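In each ligand, atom 1 is the first atom listed, and ligand 1 is the first ligand listed. On a predicted model such as this, the values are computed, not experimentally measured, just so you know.
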Amino acid sequence: MSFPKDEEKVLFRDLERILYTDEQIQKRVSELGQQISADYADKDLVLISILKGGIIFLADLTRAITIPHAFDLMGASSYKNRASSTGKVIITKDTELNLEGKDVLLVEDILDTGHTLSVIIELLKIQDPASVEICCLLNKQRARKVDLPLKYTGFEIPDEFVVGYGLDFNEKYRNISGLGILKPEIYRD
Ligand code: IMP
Ligand code: MG
């Protein structure tokens with residue numbers, strides 16, 4: 001299995017193995033879009049994605065959803081140049097839309113310890129939305145430290161460091177179309 005579009009990219013050589021190809025991701029995103037469109041048919045849906053990792057997933061998911069909806073962005077950072085969580089979350093950008101009475105669906109690239117989303121959910125609730133649910137593309141269930149109910153999950157993955165499809169290590173690898181596991185020698189110093 002390989003990423004047809006990525007083979008020529010130098011970045012591709014830093015991957016230990018491929019988890020999901022672009023095609024597999026697109027298929028799953030389209031299924032999620034159909035499910036969300038059915039579940040939120042009579043709701044006032046607002047997707048909120050977390051910068052920067054979530055934006056590639058958001059860009060594909062918003063187009064896979066067939067009902068009218070809005071989207072917005074928040075900025076949060078919990079990883080500082082390392083491949084492990086510090087537990088500290090820094091909010092770098094707040095939402096711009098008024099979320100009062102809206103049905104908010106958080107669109108996250110990956111759920112690891114859960115610290116980032118638990119802080120974001122508490123902040124969003126101050127705006128009094130009708131509901132707040134989570135849609136994450138990748139779930140590292142084994143790494144979870146905070147209990148969070150997931151309404152939609154793209155893929156369950158092992159507790160390894162994943163890059164591509166928006167996910168980075170030191171701001172690199174976001175532009176790989178698929179998802180792969182980074183070679184440990186890249187992030188171990
Ligand atoms: P959490 O707060 O531990 O759940 O971390 C969530 C955030 O950490 C994600 O939004 C990512 O930005 C980052 N993260 C967690 N695991 C990975 C990974 O395997 N690769 C790249 N980024 C990750
Ligand atoms: Mg992120």
Side-chain angles (χ1 to χ4, degrees), residues 3 6 9 11-22 24-25 28-29 32 47-61 71-95 104-125 132-189:
F3 303 154
D6 291 320
K9 287 183 187 165
L11 295 169
F12 184 80
R13 294 179 207 143
D14 292 347
L15 301 184
E16 186 171 85
R17 69 187 166 90
I18 293 151
L19 263 187
Y20 298 103
T21 62
D22 186 27
Q24 288 171 312
I25 297 168
R28 188 69 190 113
V29 171
L32 290 171
L47 305 179
I48 296 182
S49 191
I50 320 299
L51 295 169
K52 304 173 207 168
I55 67 160
I56 308 259
F57 180 35
L58 175 72
D60 285 341
L61 188 66
F71 67 72
D72 205 346
L73 298 164
M74 270 186 95
S77 175
S78 62
Y79 275 50
K80 284 283 157 224
N81 299 340
R82 279 181 290 147
S84 60
S85 178
T86 58
K88 282 193 189 152
V89 179
I90 302 158
I91 301 295
T92 55
K93 186 200 173 297
D94 202 356
T95 49
V104 170
L105 184 60
L106 283 163
V107 176
E108 209 6 349
D109 48 3
I110 188 163
L111 215 55
D112 187 15
T113 63
H115 287 306
T116 311
L117 272 200
S118 64
V119 169
I120 283 173
I121 288 170
E122 288 316 306
L123 280 174
L124 289 174
K125 282 184 178 165
V132 180
E133 301 284 357
I134 303 170
C135 173
C136 76
L137 182 68
L138 306 171
N139 183 29
K140 281 189 198 174
Q141 190 59 44
R142 264 189 288 150
R144 190 81 82 259
K145 301 259 167 58
V146 186
D147 190 33
L148 287 172
L150 294 186
K151 191 166 166 103
Y152 308 97
T153 305
F155 303 102
E156 297 287 342
I157 62 160
D159 188 8
E160 290 185 86
F161 202 80
V162 178
V163 293
Y165 197 69
L167 289 157
D168 73 310
F169 175 67
N170 278 353
E171 299 300 324
K172 270 169 72 183
Y173 311 102
R174 295 193 197 273
N175 59 322
I176 291 176
S177 318
L179 281 156
I181 292 176
L182 194 61
K183 285 182 179 164
E185 61 260 38
I186 308 281
Y187 58 81
R188 275 190 203 130
D189 43 18

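When Asp109, Val163, Ile50 are ranked by how near their heavy atoms come to atom 12 (O) of ligand 1, first place goes to Asp109.
Ligand 1 lies within reach of Ile110, whose nearest heavy atom is under 4.0 Å from it.
In this pair, Tyr20 and Phe155 present their aromatic rings parallel. The plane angle is below 30°, not in the 30 to 60° band.
Counting heavy atoms under 4.0 Å from ligand 1, residue Leu167 touches it through the side chain alone. If you look at Lys140 next to ligand 1, the close heavy atoms, those under 4.0 Å, all belong to the side chain.
Across every non-hydrogen atom of Gly54 and Asp109, the tightest pair is N-OD2, 3.8 Å. Between Leu150 and Arg144, the closest heavy-atom pair is CD1-NH2, 4.0 Å.
Taking any N or O of Gly114, backbone or side chain, at least one lies under 3.5 Å from an N or O belonging to ligand 1. For the pair Val162 and ligand 1, the shortest N or O to N or O distance falls below 3.5 Å.
For ligand 1, the atoms lying closer than 4.0 Å to a non-hydrogen atom of Thr116 are 1 (P), 2 (O), 5 (O), 6 (C). Less than 4.0 angstrom separates some heavy atom of Phe161 from each of these atoms of ligand 1: 17 (C), 18 (C), 19 (O), 20 (N), 21 (C), 22 (N). Remark: ligand 1 atoms within the under-4.0 Å shell around heavy atoms of Glu108 are 10 (O). For ligand 1, the atoms lying closer than 4.0 Å to a non-hydrogen atom of Asp168 are 21 (C). Taking every heavy atom of Glu160 and a limit of under 4.0 angstrom, the matching atoms of ligand 1 come to 19 (O).
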*Please step through side chain to side chain contact (heavy atoms under 4.5 Å, CB included) for the pair Leu73 and Thr95, ending with a clear verdict.*
CA-CA 6 Å; Leu73 298 164; Thr95 49; over 6 Å; no
*asked:* Could you walk me through whether Glu171 and Lys52 satisfy the salt bridge (charged side-chain N to carboxylate O under 4.0 Å, His left out) test, starting with their C-alpha distance in whole Å, then the side-chain angles of each, then the deciding distance to 0.1 Å, before giving a yes or no?
replied: CA-CA 9 Å; Glu171 299 300 324; Lys52 304 173 207 168; 2.9 Å; yes
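Side chains of Tyr187 and Asn170: no donor on one and acceptor on the other come within 3.5 Å.
The pair Arg17-Glu160 meets the salt-bridge criterion, with a side-chain N (NZ, NE, NH1 or NH2) lying under 4.0 Å from an Asp/Glu carboxylate O. With respect to Lys183 and Asp14, no salt bridge is recorded, no charged nitrogen being found less than 4.0 Å from a carboxylate O.
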